[in-house]
J.: 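Questions regarding the structure given below will be posed in turn.
The sequence lines fix the lettering, A, B, ..., with proteins before strands; numbering per chain opens at 1.
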Protein chains: 2
Amino acid sequence: MLVVDDEPSILRALRINLAARNFQVSTASDGASGLAAMARERPDVMILDLGLPDMDGTEVIRGVRGWASTPIIVLSVWGHESQKVAALDAGADDYVTKPFGMDELLARLRAAIRRASPAPDEPVVKTEDFTVDLAAKRVTRADGSDVRLTPTEWQLLEILVRNRGRLVTQRQLLQEVWGPAYETESNYLRVYVAQLRRKLEPEPSRPRYLLTESGMGYRFDP
Amino acid sequence: MLVVDDEPSILRALRINLAARNFQVSTASDGASGLAAMARERPDVMILDLGLPDMDGTEVIRGVRGWASTPIIVLSVWGHESQKVAALDAGADDYVTKPFGMDELLARLRAAIRRASPAPDEPVVKTEDFTVDLAAKRVTRADGSDVRLTPTEWQLLEILVRNRGRLVTQRQLLQEVWGPAYETESNYLRVYVAQLRRKLEPEPSRPRYLLTESGMGYRFDP
DNA sequence: CCTGCGCGTTAAGGTTTCATCAAGATCCTT
DNA sequence: AAGGATCTTGATGAAACCTTAACGCGCAGG
């Protein structure tokens, strides 16, 4: 996170408060060095005071918007409404007037960050023989062909893949796929694990990825 | 655009000003009808007054955020800072205190809309048999002829194409096309997917692009 | 050696889900 | 106000899926 402000007191207050929330804070005290820091460090958010000594705040905003869509929160002493409009239309994401409450600023920061990171990238798990894409709900064999999985098969595989390398107990599997009432129906597991092996393993009767831990549960080993 | 406020004077002022800017405005005067209107009309932005007669404003925000990421701008008389924090953390995008300047509100609206419609990464998707142009809302067959799609057909196709390669659950499709109240009407999907196939697939009864994943949803595979 | 247990495998039945068609209801335009 | 397009709704046969039961195998303990 980058804070650009020419008042040392504000800079200090922000640095302390933000650092206390585990934000990585860097600072700049004029527009030019702010833009330079922006290019150098690529922060997640920029907090920008409009009253800078060297250049107009909207110029800084435009300078950033030319190449990045990083959220910009503008900070400013109470000015004319047209100033807010200019800053927002230049590409700012939010506008807070000083004096401001730290809690409000933090909340607006969270909102800006939340908006900017919409894609919690789901992992793609690869093995030598197939690839599991959790986001697309898709399994592809090494030769490129798709594997057709039924809903239950997919649920089961998903749990095992999300816990890859770890042993998952029969109880947990049954509970998450079939519900708490089926905790003891380990028959279901045998049937469905066998189906998954038939579809995924190069040698279904000698499993390499979907391993049985006798008496306990199953493990997916990539 | 949807405005939810219980003060008729504000409602009128906003309606006039927004309509003058060529916004399509619809209104609601309490939380419940606001949520209903949201589901029914799918506006691009929601302007929400926190002081509603029937329910807490943050509840409305959460109600929307449960299924949509439509920008929400909160309007409120000056209150305690914690109110702002609560609204923003519930999922609001911006917070404006009354009395407010119309120009500022409009600028914040523009900012919210700008953020919500990010640069479409790949607005044209091609297959061997047809081309979908998301920006122009147009589908062209390989021989150059246009495909006529009804609004509902287009909405459905758009979601599938935007998520190309990924499985989209029935739930998500129903929610985004027909609204959260239709989550279980999977009949609609069958009818409309069949229509899309009839218009796009070379062999409608043996789909190549619009694939069914039984029990889970549909997938567009280019 | 026999027995019991856990696991793998297979297949049949019953149920759910899907594709397709068509008729009414509704919306929109003329 | 009529007509066409579009959207709902219901019914039907077909396909996919889930459940269940039966049987074989290997292994440990009696």
J.: Can we say Lys199(A) and Glu153(A) salt-bridge, meaning some charged N sits less than 4.0 Å from an Asp/Glu carboxylate O?
T.: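 Yes, this pair counts.
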J.: Between the side chains of Tyr218(A) and Thr212(A), does any donor sit under 3.5 Å from an acceptor?
T.: no
J.: Should Glu201(A) and Arg208(A) count as an ion pair when the cut-off is N to O under 4.0 Å?
T.: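 Salt bridge between Glu201(A) and Arg208(A), a charged N being under 4.0 Å from a carboxylate O: no.
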J.: In plain terms, say whether Arg190(B) and Glu185(B) are close enough for a salt bridge, that is, a side-chain N and a carboxylate O under 4.0 Å apart.
T.: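 No salt bridge links Arg190(B) with Glu185(B).
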J.: Measure the spacing between CG of Asp94(A) and CG of Leu48(A) and express it to the nearest 0.5 Å.
T.: 12.5 Å
J.: Describe, as an angle rounded to 10 degrees, how the axis at the first end of the helix from dC1(C)-dG30(D) to dT30(C)-dA1(D) is tilted relative to the axis at the last end, five pairs per end.
T.: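 For the helix from dC1(C)-dG30(D) to dT30(C)-dA1(D), the axes at opposite ends meet at about 30°.
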J.: So does Ser33(B) get a backbone contact from the side chain of Asp30(B), meaning a donor-acceptor N/O pair under 3.5 Å?
T.: yes
J.: Is the shortest side-chain N to carboxylate O distance from Glu176(B) to Arg42(B) below 4.0 Å?
T.: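 Answer for the salt bridge query: no.
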J.: Taking DNA chain D as the partner, which of residues 157-189 of chain A come within under 4.0 angstrom of it by heavy atom?
T.: Trp178(A), Tyr188(A)
J.: Report the relative orientation of the aromatic rings in Phe220(A) and Phe130(A); use parallel for angles under 30°, tilted for 30 to 60°, perpendicular for over 60°.
T.: tilted
J.: Quick one: Trp154(A) CH2 to dC17(D) P, roughly how many Å, whole number?
T.: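 The answer, rounded to whole Å, is 15 Å.
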J.: Does Thr152(A) have a side-chain nitrogen or oxygen under 4.0 Å from the phosphate oxygens OP1 or OP2 of dC18(D)?
T.: yes
J.: Ser145(B): what forms a side chain to side chain contact (heavy atoms under 4.5 Å, CB included) with it, not counting sequence neighbours?
T.: Arg141(B), Asp143(B)
J.: Within less than 4.0 Å of OP1 or OP2 of dA19(C), is there a side-chain N or O belonging to Arg190(B)?
T.: no
J.: Side-chain N or O of Thr150(A) versus OP1/OP2 of dC18(D): is the shortest distance under 4.0 Å?
T.: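 So the side chain of Thr150(A) is within the cut-off, an N or O lying under 4.0 Å from OP1 or OP2 of dC18(D).
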J.: Decide whether Thr127(A) and Asp129(A) meet the rule of one side-chain donor and one side-chain acceptor closer than 3.5 Å.
T.: no
J.: Expected output is a numbered-order residue list: members of residues 215-222 of chain B with a heavy atom under 4.0 Å from any atom of DNA chain C. What is it?
T.: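 Hits under 4.0 Å, by residue number: Gly215(B), Tyr218(B).
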J.: Provide, to the nearest angstrom, the distance between the CG atom belonging to Leu149(A) and the C1' atom belonging to dA16(D).
T.: 14 Å
J.: Do you know the tightest heavy-atom contact between Arg108(B) and Ile73(B)?
T.: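 Heavy-atom minimum between the residues: O-CD1, 3.8 Å.
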J.: With the threshold set at 4.0 Å, does a side-chain nitrogen-carboxylate oxygen contact exist between Asp93(B) and Arg65(B)?
T.: yes
J.: Near DNA chain D, which residues from residues 191-213 of chain A have a heavy atom under 4.0 Å away?
T.: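 Heavy-atom cutoff 4.0 Å gives Val191(A), Tyr192(A).
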J.: Would you say Arg15(B) and Ser26(B) are linked by a side-chain donor-acceptor pair, where the criterion is simply a distance under 3.5 Å?
T.: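 Checked: Ser26(B)/Arg15(B) side chains show no N/O donor-acceptor pair below 3.5 Å.
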J.: Taking Lys126(A) first and then Asp133(A), would you say they form a salt bridge - that is, a charged N and a carboxylate O separated by under 4.0 Å?
T.: no
J.: Using 4.0 Å as the upper bound for N to carboxylate O, is an ion pair formed by Asp221(B) and Arg164(B)?
T.: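 No, no charged N to carboxylate O under 4.0 Å.
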J.: Within residues 133-140 of chain A, find the residues that approach DNA chain C with a heavy atom at under 4.0 Å, and present them sorted by residue number.
T.: none
